[in-house]
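Order of the sequence lines sets the chain letters (A, B, ...), proteins ahead of strands, with each chain counted from 1.
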Amino acid sequence: MKEQVRRLVIQAVAACFADNTLSSGEIPPVVVEVPAQEGHGDYATNAALSLARPEKKSPRAIAQALVDHIPESSLLERVEIAGPGFINFFLKGSAWQETLSLIEEQGAGFGRSAQGGGKRVQVEFVSANPTGPLHIGHGRGAAIGDTLCRLLDATGWDVTREFYYNDAGAQITNLALSVQARCLGVESDDPRWPADGYQGEYIRELARAYLARETVEADARQVTATGDIDDLESIRLFAVASLRREQDQDLTAFDVRFDLYSLESELYTSGRVEAVVRRLMENNHTYEQDGALWLKSTDFGDDKDRVMRKADGSYTYFVPDVAYHLGKWERGFVRVVNEQGADHHSTITRVRAGLQAVDAGIPLGWPEYLLHQMVTVMRGGEEVKISKRAGSYVTLRELIDEVGRDATRFFFVMRKPDSQLIFDIDLAKQQTLDNPVYYVQYAHARIKSIFANAAEKGFFPPVFRAASCSRLESPEELALIKLMAGFPEMVAGAAASFEPHRLTSYLQELAGLFHGFYNKNRVISDDAPLTGARLFLLSCVVTVLKNGLGLLGISAPDSM
RNA sequence: GCGCCCGUAGCUCAGCUGGAUAGAGCAACGGCCUUCUAAGCCGUAGGUCGUAGGUUCGAGUCCUACCGGGCGCGCCA
């Protein structure tokens, strides 16, 4: 609808140029928006204001010229010039029937669009290392990343979801040593306890399972514990597989799935790490100093050069990272988004610098990043301190079990990723009006309940009828229709700007309008055409609620 | 010290990429259930958009400098 109004404005501008009413000849970016103020119409444009400068005329005079040149349209009731030179559009009631028939026609597809043109995009998220269960920070990443994937999919992108993890390296050795210590019965206060050992209770459980020679399966690989306490490699394989399986179970419970898991160790065994190092050296972006190999990352915007190969011969973490991302590029992903915690934001410059130094034709801003800020957990009015090593932290699993999947997902995406998030467990658990999740789901369940009631009274499933839909003219009904008309645009904006929280805001607003409508109007009445029209309107609301909740990975219950 | 993010009602946060008189929920106060789910609705009150400049027809939104909070600045990942 907004797009149609926008076209009218552009046509008016073009017409003014054609008959020399206006002379600058350049169509400015025409912005049409829904005015905040009720009296300012259904849509408004500032076209006259932005034309004032190049035309050197008063905005109001230009606005008048534009209005005079707006083509005939069955949509328009009237057009007004207001304020400094805004043009306000008032649409006919019948114009909105188009929105309703469109929602019915598109159904589950309403809100979807084709901006992506079917091009491939890869989204990497969560990417937790297998050194412990997923915690609440991973949860936010999982919820935001998964919702972003759904948004990109809905806007015409071919999405590949990927999870990358480090299954070698110092942290994993540390993990294996911790399990080994537990196998030996060494406690964390023992001098023999490894320096930065993992102290969580799950380490004890891993040791027990290892000694019991259990078999675990993760990422399509099976690992059987040898039970040999001296075999650190066997312990490593078993611990990694066990923790990966745990994480997968948590993610499955969260309804988050991946297409591909990438292992850091494979970057070494496949020779990709060595190959990247060679290319960087050949491109003369490296030098040796103090027994280490350095990357001249300062040539590519970094604030200091970075060590690639340590004096002990091993590589720093970012070398496989560059190799991994080069691989993404070579796999044909012209667009890649990495969703990760903001505490790792320093990797961005490094990875991009490394990729530029490889000189593989990768654009400057590639890959894109979506960073989320920290999560603070509140319980009983107090902050729950997170300490991974001490093992005292809230896991994603605990949260899902305690709060429920729907509420957990909703809360995690409810805020702008840039904002720190306070996760109030007590609030999320409440099944009361304080809780926005239930507010939105309740709207859906309420409508379904009305439908059940209507069916009992012999009303057929609602269908679109222009004549009866013209009866939908109360402020509450029109507000619902107008908000629904903007759903596809909201989805497109959320996807384009990586802002999943727009979904939750929108759904809360839509649910609010419905509840207001419900309390003021009776749907099922003796007036059959009106009843039919309202049932049809509500079937559209159900579609939009369901589509929106679907993008969030949240259920739309029929009853509550 | 340097880099990134944040600062909007008592609290938690929106503010659609620069538009018209800055919004919602909670908390407070007052109303609404013999009628499709009261897990709901309506109303009242609540603001120097951290501060000071700047850019322009127009700034919560963009620029600069400060103040305050978070995160990061490793031959850890």
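Counting any heavy atom pair closer than 4.0 Å across all strands shown, A:Y518 reaches a base atom. Counting non-hydrogen atoms under 4.0 angstrom, A:L49 reaches a base of the nucleic acid. In this structure, A:K457 reaches neither bases nor backbone, as no heavy-atom distance under 4.0 Å exists between it and the strands shown. In this structure, A:H40 reaches the bases: a heavy-atom distance under 4.0 Å links it to at least one base atom across the strands shown. A:A445 comes within 4.0 angstrom of a nucleotide base, judged by non-hydrogen atoms across all strands.
By the 6.0 Å contact criterion, CG on A:D526 is open, its count of non-hydrogen atoms from other residues, nucleotides or ligands being 12 or less. The number of heavy-atom neighbours closer than 6.0 Å to NZ of A:K57, taken from other residues, nucleotides and ligands shown, is above 12. The environment of A:K310 atom NZ is dense: over 12 non-hydrogen atoms of other residues, nucleotides or ligands sit within 6.0 angstrom.
Distances were taken from every side-chain heavy atom of A:A170 (C-beta onward) to each of B:U35, B:C76, B:A38; the shortest belongs to B:C76. The side chain of A:Y439 approaches B:G40 more closely than any other nucleotide in the set B:C71, B:G40, B:C57. Closest to the A:Q37 side chain, of the nucleotides B:C13, B:C75, B:U21, is B:U21. Nearest to the side-chain atoms of A:H501 among the listed nucleotides B:U17, B:C5, B:A14 stands B:A14. You'll find that the side chain of A:S419 is closest to B:A14, out of B:A14, B:C36, B:G70. Counting only heavy atoms from C-beta on, A:N519 has its side chain closest to B:C41 among B:C41, B:A39, B:C36. Ranking B:A14, B:A77, B:A38 by closeness to the A:R415 side chain, first place goes to B:A14. Of all nucleotides listed (B:C75, B:A77, B:A20), B:A20 comes nearest to the side chain of A:A82.
Both geometric conditions, a ring-centre gap below 5.5 Å and a plane tilt below 30°, are not fulfilled together for A:H344 over the base of B:G72. By the 5.5 Å and 30° criteria, A:F86 is stacked with the base of B:A20.
Ring geometry for A:H325 against A:W366 counts as perpendicular: the plane angle is over 60°, on a 0 to 90° scale with 30° as the lower cut.
Look at A:K520 and you won't find any side-chain N or O under 4.0 angstrom from OP1 or OP2 of B:G40.
In the interface, the side chain of A:N46 is paired with the base of B:G19 through a donor and an acceptor atom under 3.5 Å apart.
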| task | Kindly express the pairing pattern of RNA chain B in dot-bracket notation, using | wherever a base pairs with another strand and counting only Watson-Crick or G-U pairs under 3.5 Å. | result | (((((((..((((.....[...)))).(((((.......))))).....(((((..]....))))))))))))....
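With a glycosidic angle no further than 90° from 0, B:C33 counts as syn. In this structure, B:U8 is classed as anti because its glycosidic torsion departs from zero by more than 90°.
When ring centroids are compared, A:H345 and A:Y369 stay outside the 6.0 Å threshold. Remark: aromatic rings of A:F90 and A:Y43 are distant, center separation not under 6.0 Å.
Under a cutoff of 6.0 Å and an axis angle of 45°, A:R244 and A:F163 form a cation-pi pair.
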